[in-house]
Amino acid sequence: MAKKTTQTGTRAIRAIFETARRQLEEEKPINSPDPNEPRNGIRAGQWPGAPHDALPPDCPVHVIGRDAGGTVWVRTATGHMRAIEKWDMPTMLDLFAPDVNYLFWAWPAFGKKKTVGEDGTVQEELRVVRVEKDKVAACLINAASRRPDFDPQTQHRGRGGWQDKTGRFVWHSGNWMWSVNGTTLERARPGEHEGFLYTRQPTTIEPWDAPIKQEESPALRILEDLRSWKWERPYLDPVLCLGWIATAIMGGALKARPIVFTGGGAGVGKSTLHELLRNVLEGAVFAAVDTTAAGIYQRVKHDALPILVDELENKPGSTKAQSVIELARVAYTGGDIARGGADHEGTTFRMHNSFLFSAINPPPMTEADKSRMAILNLSRLDTADGVGRKMSVAIETDGRMLLRQIMDGWTDFSGRLLQDWWDTLQKQGLDSRAIDTYGTLLAAAELLVGPAELEDIGLPVTDQTKLGEIIAAATALERGERLDNWHKCVNRLLDSTIEAWRDGVKPTVGGVIDQVERDNLALEFAKERLQLVNLSIRNKGDPGDGFCLAVPNDGPVLQKLFADTEWQRGGWFGALKQAPNNVVLRNEGNKQKLKINGSTKHCLLIDMSAFAAYVDKEGR
C-alpha cells in the first residue's frame with residue numbers, strides 16, 4: 001500500500017509563512033508611557049470617576065467578579081486569572097505588568113521634585129512618586145461588587161476544544177481563542193464569552209493556517225500506521241483509535257467523550273501505540289504512566305485536553321487504577337470532581353477530557369465504566385513488524401492539521417455525521433450509551449478520512465444496514481457484558497452461598513431455586529434453606545408465572561452477603577426496584593408479606609420464570 005501524503009506545495013508554504021508572520025507580530029514590544037504624561041489627553045489621577053467610582057479608561061486589568069467567599073477575581077493585563085488574596089504592592093504590580101506605569105498613572109501619589117534649569121534656577125514640580133494602594137483596592141472591589149458572582153470552578157474554561165452557544169467549535173490555544181468563519185481562520189484574545197471565562201495559559205497547538213482536505217489529511221497516513229498493529233478486529237479497531245484522536249482534540253465541545261482501553265500482553269505494541277498518539281497530539285496531550293487520579297486532576301485543572309495513561313494495571317490491594325477510571329467516567333459527559341483540602345476547604349474540578357488507557361491486566365471496572373468504553377484488544381506482533389518499526393508522524397504539523405480539519409468540519413460532524421451514525425446503530429438495537437461511544441468515534445474517523453477510506457478497510461458506509469450489522473456484531477460481546485444494576489444485584493443473590501446448611505453441603509441460592517424448579521426439592525425444604533440467608537420463596541403462579549424469590553430490605557445475613565458492594569446497607573432493595581415490573585414484583589399487597597425466621601417481612605418478589613425469559617431475550 002502506498003504511503004499517504006499530507007498537504008504540500010504552495011498552500012502549505014503559505015500556511016507556514018502566515019504562522020511565522022503572526023509570531024513576529026506577537027513579539028512587538030509593549031509601550032508603557034511615563035505616568036506623568038497624559039494618556040488620551042487625561043492627566044494622572046484625573047480620569048472620570050477617579051479614584052474608585054468607576055474603572056479608569058482602557059484599564060488593562062479586567063474585573064471578573066467576586067466568589068461566594070468575597071474574594072475578588074480579575075484577569076490581569078497579560079490575560080491570566082488571579083484571585084486577589086492581598087492588596088499589597090507586589091500583587092498590584094503582578095496585575096498590571098507589563099504596563100505598570102498605568103497603575104502609577106491611574107492612582108498616583110504625588111511628590112515634589114526639584115529640577116535645575118540651564119540658567120541655574122531651581123524649580124519644583126509635582127511628579128508621580130508612588131501608588132495609592134488603598135484607592136486601587138477600593139476601585140477594584142467596587143467594580144467587582146457590580147458584577148455577577150463568579151464561580152471559578154464552573155465558569156472558567158481552560159485550553160482545548162469547546163462549543164459556544166451558537167454551536168460553533170472554539171479552540172483555546174493558551175494565548176488565543178480560535179474559530180473558523182466560512183474558510184477564514186479567526187482569532188481573539190481570551191476573555192469572557194457567553195458566561196464563561198477563558199484566560200491566558202501556556203501555549204498549546206494552534207490550528208493550521210490553511211484548510212485541509214480529506215485527501216491531503218495526515219489522518220490517512222496515521223490510519224495506515226494504526227493498521228500495522230495486530231488488532232482483534234482489524235476492520236474496526238484502528239478506525240476507532242483514529243476516531244479517538246479526533247475526539248481527543250474536540251474535548252469539551254462533545255456531548256460525550258468516549259474512553260478507549262487498549263489491552264494485550266507483552267510485545268503487542270501498547271507503548272509504541274502510545275508513542276504514536278503522543279507524537280500526533282504533541283503539545284496538546286497529558287501523557288502519564290501508572291499515575292493517580294489526584295495527579296491527573298491537579299495537572300489538568302480546567303483544561304479540556306486529552307489524557308493518555310499507560311500501564312494502568314490491576315495491582316493487588318490497590319484501588320489507584322479504579323480511581324483513575326472513575327475520573328474518566330465522570331469526564332465522559334463533563335461532570336464535577338469534588339475533593340477536600342488540608343484546610344477543610346473543598347475543591348471542585350470539572351472534567352471535560354478524553355481518556356485512553358493501556359494495560360496488560362486491566363483493573364476491575366463497573367458496568368458504568370465499560371458502557372463508556374471501546375475496548376480494543378491487541379495481539380503479539382510478528383518479530384519483523386515489532387522490531388525497529390518507524391512511524392510516519394510529522395510532530396510539528398500533524399496535530400495542527402487535524403485540528404484545522406475538525407474546525408472546518410465541525411458543523412458537518414455535529415449535525416449530519418453524528419446523526420447518520422446514530423440512526424445506523426439505533427436500528428441494530430444499540431442503546432444510547434453504546435451509540436454515544438461507538439457512534440461518536442466512528443463519526444469522528446469519517447470526518448477525518450472520508451467514507452471511501454472506511455470502505456477500503458471493510459466498513460460498507462454506503463450500505464447502512466450492512467454497516468450497522470457489522471458494528472453490532474463486532475461490539476456484541478462487550479455490550480453483552482454490561483448488565484443493568486438490578487440484574488447484577490440478582491446475580492449476586494443467586495450466586496451467594498448458604499454457609500450454615502446443617503448437612504455440610506453449601507448450596508447457592510440459585511442452586512436451591514433450580515432444585516425446586518426441577519422438583520428435586522420440596523418447597524418447604526427450600527424455604528428452610530433460604531431462611532438461613534434471610535430469604536424465602538413463593539410457589540409457582542402465586543403470584544408470579546414461576547417460583548418467586550422473596551427478598552426483604554433487611555436481615556443480618558443479607559447485610560453480610562452485600563457487604564463491601566454497591567448494594568450494602570439495604571441498597572439491594574432499591575436496586576431490585578429498578579428491574580422491569582414483570583421480573584421484580586412490588587405491587588402484590590399481602591403476598592409480599594412473608595414470615596422469615598419468625599418475623600413478618602415486606603419483600604420484593606423476583607419471578608424466576610420472568611427473569612429467565614429476560615436473560616434469554618437480552619442474550620445475557
Side-chain angles (χ1 to χ4, degrees), residues 45 47-100 102-109 130-159 162 172 177 189-202 252 294 297-304 330 334-352:
W47 42 273
H52 50 63
D53 287 345
L55 285 170
D58 301 320
C59 184
V61 173
H62 173 77
V63 177
I64 300 168
R66 295 188 299 183
D67 62 22
T71 300
V72 173
W73 291 82
V74 302
R75 192 177 72 244
T76 70
T78 55
H80 297 91
M81 188 172 75
R82 293 284 189 273
I84 304 179
E85 305 291 346
K86 295 181 180 180
W87 295 94
D88 55 11
M89 197 61 191
T91 298
M92 295 179 186
L93 290 172
D94 175 62
L95 299 184
F96 285 86
D99 191 7
V100 294
Y102 185 97
L103 182 64
F104 286 82
W105 170 84
W107 296 279
R130 58 185 176 84
V131 174
E132 295 278 12
K133 297 193 296 292
D134 290 345
K135 292 180 180 179
V136 180
C139 185
L140 297 183
I141 292 172
N142 198 32
S145 70
R146 297 190 180 103
R147 301 274 298 167
D149 282 357
F150 174 68
D151 182 354
Q153 306 304 332
T154 59
Q155 293 175 256
H156 183 210
R157 284 180 169 180
R159 298 167 298 172
W162 303 96
H172 184 2
M177 301 296 299
R189 286 295 184 187
E192 284 189 275
H193 184 59
E194 296 181 336
F196 293 99
L197 177 69
Y198 303 85
T199 57
R200 181 177 173 181
Q201 296 178 49
Y297 60 68
Q298 287 172 5
R299 185 178 177 189
V300 169
K301 296 181 180 177
H302 300 283
D303 288 339
V330 173
D336 293 338
I337 298 289
R339 292 291 184 268
D343 56 357
H344 304 291
E345 290 291 330
T347 302
T348 302
F349 300 83
R350 177 159 288 184
M351 305 290 295
H352 292 90

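Quantities reported herein were computed from a predicted structural model and do not represent experimental measurements.
Distance alone, capped at 3.5 Å, places no donor-acceptor pair between the His302 side chain and the Met351 backbone. Side-chain atoms of Asp67 never come within 3.5 Å of backbone atoms of Phe150 as a donor-acceptor pair (strictly under, hydrogens ignored). No donor-acceptor pair under 3.5 Å is formed between the side chain of Asp151 and the backbone N or O of Gln155. Using modelled atom types, no side-chain atom of Arg299 and backbone atom of Ala294 make a donor-acceptor pair closer than 3.5 Å. Within the 3.5 Å criterion, the main-chain N or O of Pro51 finds a donor-acceptor partner in the side chain of Trp107. Although no hydrogens or angles enter the test, the distance criterion places a donor-acceptor pair under 3.5 Å between the side chain of Asn142 and the main chain of His52.
Under a cutoff of 6.0 Å and an axis angle of 45°, Arg157 and Phe196 form a cation-pi pair.
Of the listed residues (His80, His156, Arg159, His62), just one forms a side-chain hydrogen bond (donor to acceptor under 3.5 Å, both in side chains) with Thr199, and that residue is His156.
Between Ala109 and Glu132 the shortest heavy-atom distance is CB-OE2, 3.7 Å. Minimum interatomic distance between Ala54 and Arg146 (heavy atoms only, all atoms of both residues): CA-NH1, 4.4 Å. In terms of heavy-atom proximity, Pro56 sits nearest to Ala106 at CG-CB, 4.1 Å. Of all heavy-atom pairs spanning Ala83 and Thr71, the tightest one is CB-CG2, 3.8 Å.
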- Does the pair Ile64 and Met81 meet the rule for a side chain to side chain contact (heavy atoms under 4.5 Å, CB included), with working shown? CA-CA 9 Å; Ile64 300 168; Met81 188 172 75; 4.2 Å; yes
- Query: Given the rule in the salt bridge (Lys or Arg N to Asp or Glu O under 4.0 Å) test, do Asp94 and Arg82 qualify, once you have shown the distances and angles that lead to the verdict?
  - Reply: CA-CA 9 Å; Asp94 175 62; Arg82 293 284 189 273; 2.9 Å; yes
- Task: Take Gln201 and Asp303 through the test side chain to side chain contact (heavy atoms under 4.5 Å, CB included) and record every step on the way to the result.
- Result: CA-CA 10 Å; Gln201 296 178 49; Asp303 288 339; 3.1 Å; yes
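With sequence neighbours excluded, the residues satisfying side-chain hydrogen bond (donor to acceptor under 3.5 Å, both in side chains) with Thr76 are Thr78. For Arg147, the salt bridge (Lys or Arg N to Asp or Glu O under 4.0 Å) partners are Glu192, not counting sequence neighbours. Every residue two or more places apart in sequence or in another chain that forms a side-chain hydrogen bond (donor to acceptor under 3.5 Å, both in side chains) with Asp99 is listed here: Ser32, Arg39. Take Arg200 and apply the side-chain hydrogen bond (donor to acceptor under 3.5 Å, both in side chains) test, not counting sequence neighbours, and it matches Asn175. Under the side-chain hydrogen bond (donor to acceptor under 3.5 Å, both in side chains) criterion, Thr91 pairs with Asp88, not counting sequence neighbours. Evaluation of the side-chain contact (heavy atoms from CB on, under 4.5 Å) rule for Ala50 yields Trp47 as partners, not counting sequence neighbours.
Leu95 is listed as a side-chain neighbour of Ile84, based on a closest heavy-atom distance under 4.5 Å. You'll find the side chain of Leu140 reaches within 4.5 Å of the side chain of Leu55, heavy atoms only. For the pair Ile141/Trp87, a side-chain contact is recorded, criterion being any heavy-atom separation below 4.5 Å from C-beta on.
Between Trp162 and His352, the ring centre distance stays below 6.0 Å.
Taking NE2 from His193 and OH from Tyr198, the interatomic distance works out to 6.0 Å, rounded to the nearest 0.5 Å.
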